[in-house]
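For reference, the structure is listed below as structure tokens.
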Amino acid sequence: MRGAFLEELSRLEDFLISVTAIRTVQPPGLAQLEIRTITSEVAREAILNAVAHRDYFIRQGVVVAVHRSGVEVTNPGGFIGGVTPDNVLHHRAVHRNELLARAFQNLRLVDRVGMGVNRMYEGLLRSGARPPSFEADQGSVSVRLPTDASDDFVAWIYEHERRNGPLSLNDLVVLRRVTDAGTLDRWTAAHQLQLDEHSAADHLAEMRSRGLLVARGRGRGTSYVLPRPLSERLRGRAATDADRPLEMEGVRLKVLELLREREHLTNAEIRDFSGYSRAQVLAIEKDLERQGLIEIKGRGRGAHIVLAPPE
């Protein structure tokens, strides 16, 4: 495409949004939402970022590739100024071609310089898709815009925001990740949000206080899942049910591992790292005892478990 830039930009935007059909999402009630996974705003931001940040000394063009699973936009020239795929969401704006970036703003093609990545993230997440992913080396930068999307995720966002007000971009990133993976700890959250571990942990705790997440475990080992009704809606009942035995098995394995190191454990010590209740821990202990893997010693506060002696 070698015509006048604004004309070609419009043509390319139209092409990109045409590769994903309009989806009709019906939340409970009378509302009916018409959703495109790649909106004109997401398409425009991806193209403008590539054009504004490319290296014009490299005699290659910006490449837009359409695949079954998404759209990939690649520009010549790697990231500069300390920007990487792992910090691009929150890093301050760094321009290889600042005059061009300012020109786009003056033409009102963008509202504010440096907000393009955030707009791509939010646009995709609100359409039910996963966030964009970036790959970079010294010679090029690629951004991939996924087109696979969840209508249930879109409908829930609409309902929640009508009742409780807007969700932040960080909220959307966390909720989409937990929907996909089932659980999220502070280290994975820090990577997904591109924040330090402390800030990520604070945000997870704040989302828990609003009822968006449920905590499992305590301290640095805390993980977070969706509340069960929301998990059943976004992940399905089978996936939600499957999480629980996997968690229970993880606690059982952890108990056996710690017994090899410490020789004995109390019910309270197991509750501390698992987040389970006294009754739940006792049920695990009884099950391990029936299998001949541990022995329960003592009673009351002095009760503890030890590994069963080898036969």
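All heavy atoms count here, side chains included; hydrogens, waters and symmetry mates do not.
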Asp185 vs Thr222, side-chain contact (heavy atoms from CB on, under 4.5 Å): CA-CA, chis, key distance, verdict: CA-CA 6 Å; Asp185 57 35; Thr222 303; over 6 Å; no
Would you compute the distance between atom CE of Met207 and atom CG of Leu167 and round it to the nearest 0.5 angstrom? 7.5 Å
Within the structure provided, determine whether Leu307 and Arg260 are in side-chain contact (heavy-atom separation under 4.5 Å). yes
Cationic N near anionic O, under 4.0 Å, Arg252 to Glu249: yes
Side-chain touch Ser142/Phe134, heavy atoms, less than 4.5 angstrom: no
Note, Thr84 side chain near Val88 side chain (heavy atom, < 4.5 Å): no
Considering non-hydrogen atoms only, spot the tightest contact between Ala189 and Leu204 and give its length. CB-CD1, 3.7 Å
For the pair Arg11 and Glu7, find out whether any cationic side-chain nitrogen is under 4.0 Å from an anionic carboxylate oxygen. no
Are any of the side-chain heavy atoms of Leu89 and Leu169 separated by less than 4.5 Å? yes
Taking the side chain from Arg130 and the backbone from Asp148, do they hold a donor-acceptor pair closer than 3.5 Å? no
Would you kindly say whether Arg144 and Ser69 are connected by a side-chain donor-acceptor distance under 3.5 Å? yes
I need the Arg54 CZ to Ile58 CD1 distance, nearest 0.5 Å. 8.0 Å
Residues Arg176, Ser150; criterion side-chain hydrogen bond (donor to acceptor under 3.5 Å, both in side chains); working and verdict: CA-CA 10 Å; Arg176 181 70 223 207; Ser150 165; 4.9 Å; no
Let me confirm one number: the CD-CD1 distance from Glu13 to Ile38, rounded to the nearest 0.5 Å. 12.0 Å
To the nearest 0.5 Å, tell me how far Leu175 CG sits from Leu125 CG. 9.5 Å
Counting neighbours of NE2 on His264 that are heavy atoms of other residues, nucleotides or ligands and sit closer than 6.0 Å, is the number greater than 12? no
Looking at every heavy atom in both Gly61 and Pro76, which two are closest together, and how far apart are they? O-CD, 3.6 Å
Distance-only donor-acceptor check, side chains His90 and Asn118, under 3.5 Å: no
Is the backbone N or O of Arg228 less than 3.5 Å from a side-chain atom of Ser231, with the two atoms forming a donor-acceptor pair by type? no
Carboxylate-amine/guanidinium contact Glu41 Arg119, below 4.0 Å: yes
Closest approach of Ser127 and Arg36, non-hydrogen atoms and distance? CB-O, 3.5 Å
Please determine whether the number of non-hydrogen atoms from other residues, nucleotides or ligands lying under 6.0 Å from atom CZ of Arg2 exceeds 12. no
Under a 4.5 Å side-chain heavy-atom rule over Ile, Leu, Val, Met, Phe, Trp and Tyr, are Val94 and Val51 clustered together? yes
Before giving the answer on side-chain hydrogen bond (donor to acceptor under 3.5 Å, both in side chains), spell out for His304 and Asn267 the whole-Å C-alpha distance, their side-chain angles and the decisive distance to 0.1 Å. CA-CA 7 Å; His304 60 276; Asn267 186 291; over 6 Å; no
Check the surroundings of atom NE2 in His67: do more than 12 heavy atoms from other residues, nucleotides or ligands lie under 6.0 Å from it? yes
Verify, without hydrogens or angle tests, whether Asp171 (side chain) and Ser168 (backbone) share a donor-acceptor contact under 3.5 angstrom. yes
Only one of Val251, Leu265, Ile294 forms a side-chain contact (heavy atoms from CB on, under 4.5 Å) with Leu256, so which one is it? Ile294
Can you label the angle between the Phe104 ring and the Phe5 ring as parallel, tilted or perpendicular, going by 30° and 60°? parallel
side-chain contact (heavy atoms from CB on, under 4.5 Å) between His53 and Leu100, worked out: CA-CA 9 Å; His53 296 292; Leu100 185 56; over 6 Å; no
Any donor-acceptor N or O pair under 3.5 Å, side chains Thr37, Thr20: no
State, yes or no, whether a side-chain contact exists between Asn49 and Met120 at a heavy-atom distance under 4.5 Å. yes
Please determine whether residues Leu230 and Val154 belong to a single hydrophobic cluster, defined as Ile, Leu, Val, Met, Phe, Trp and Tyr linked transitively by side-chain heavy-atom distances below 4.5 Å. no
For the CD atom on Glu135, are there more than 12 heavy atoms of other groups (residues, nucleotides or ligands in this structure) within a distance under 6.0 Å? no
Does atom CZ of Arg210 have more than 12 heavy-atom neighbours from other groups under 6.0 Å away? yes
Go through it in stages, so that I can follow the logic: the residues are Leu6 and Leu109, the test is side-chain contact (heavy atoms from CB on, under 4.5 Å), and I'd like the CA-CA distance, side-chain angles, deciding distance and then a yes or no. CA-CA 9 Å; Leu6 295 181; Leu109 295 174; 3.8 Å; yes
Using a cut-off of 6.0 Å, state whether more than 12 heavy atoms not belonging to Glu263 lie near its atom CD. no
Using 4.0 Å as the upper bound for N to carboxylate O, is an ion pair formed by Asp180 and Arg235? no
Any Arg126 side-chain heavy atom under 4.5 Å of Leu172 side chain: yes
Is any side-chain heavy atom of Asn75 less than 4.5 Å from a side-chain heavy atom of Ser140? no
Can you hop from Ile80 to Leu48 via hydrophobic side chains spaced under 4.5 Å? yes
Compare every heavy atom of Gly123 with every heavy atom of Val42, then report the nearest pair and how far apart it is. CG2-CA, 3.7 Å
Does a sphere of radius 6.0 Å around CD in Gln291 hold more than 12 heavy atoms from other residues, nucleotides or ligands, not counting ones at 6.0 Å or beyond? yes
When you group the ILVMFWY residues by side-chain heavy-atom contacts below 4.5 Å and let the links chain together, are Phe153 and Val225 in the same group? no
Write down the atom of Ile17, the atom of Thr39, and the distance for their closest heavy-atom approach. CG2-C, 3.5 Å
Tell me whether Phe15 is reachable from Ile47 by hopping between hydrophobic residues (I, L, V, M, F, W, Y) whose side-chain heavy atoms are closer than 4.5 Å. yes
Flag side-chain contact, heavy atom, 4.5 Å: Val117 against Val143: no
Report the C-alpha distance between Val214 and Arg208 in whole Å, list the side-chain angles of each, state the deciding distance to 0.1 Å, and finish with yes or no for side-chain contact (heavy atoms from CB on, under 4.5 Å). CA-CA 6 Å; Val214 175; Arg208 176 191 179 188; over 6 Å; no
Apply side-chain hydrogen bond (donor to acceptor under 3.5 Å, both in side chains) to the pair Ser199 and Asp202, showing each step before the final yes or no. CA-CA 5 Å; Ser199 298; Asp202 285 347; 5.6 Å; no
Hey, what do you get for CG (Leu33) to CD1 (Ile22), rounding to the nearest 0.5 Å? 12.5 Å
Heavy-atom count check: over 12 atoms from other residues, nucleotides or ligands less than 6.0 Å from Leu107 CG? yes
What is the minimum heavy-atom distance between Ser277 and Gln280, and which atoms define it? N-OE1, 2.8 Å
First locate atom CG of Leu212, then atom OH of Tyr224, and finally report the distance between them rounded to the nearest 0.5 Å. 12.5 Å
Got a donor-acceptor contact below 3.5 angstrom from the Glu232 side chain to the Pro229 backbone? no
I'd like to know if the side chain of Asn164 and the backbone of Glu161 have a donor-acceptor N/O pair within less than 3.5 Å. no
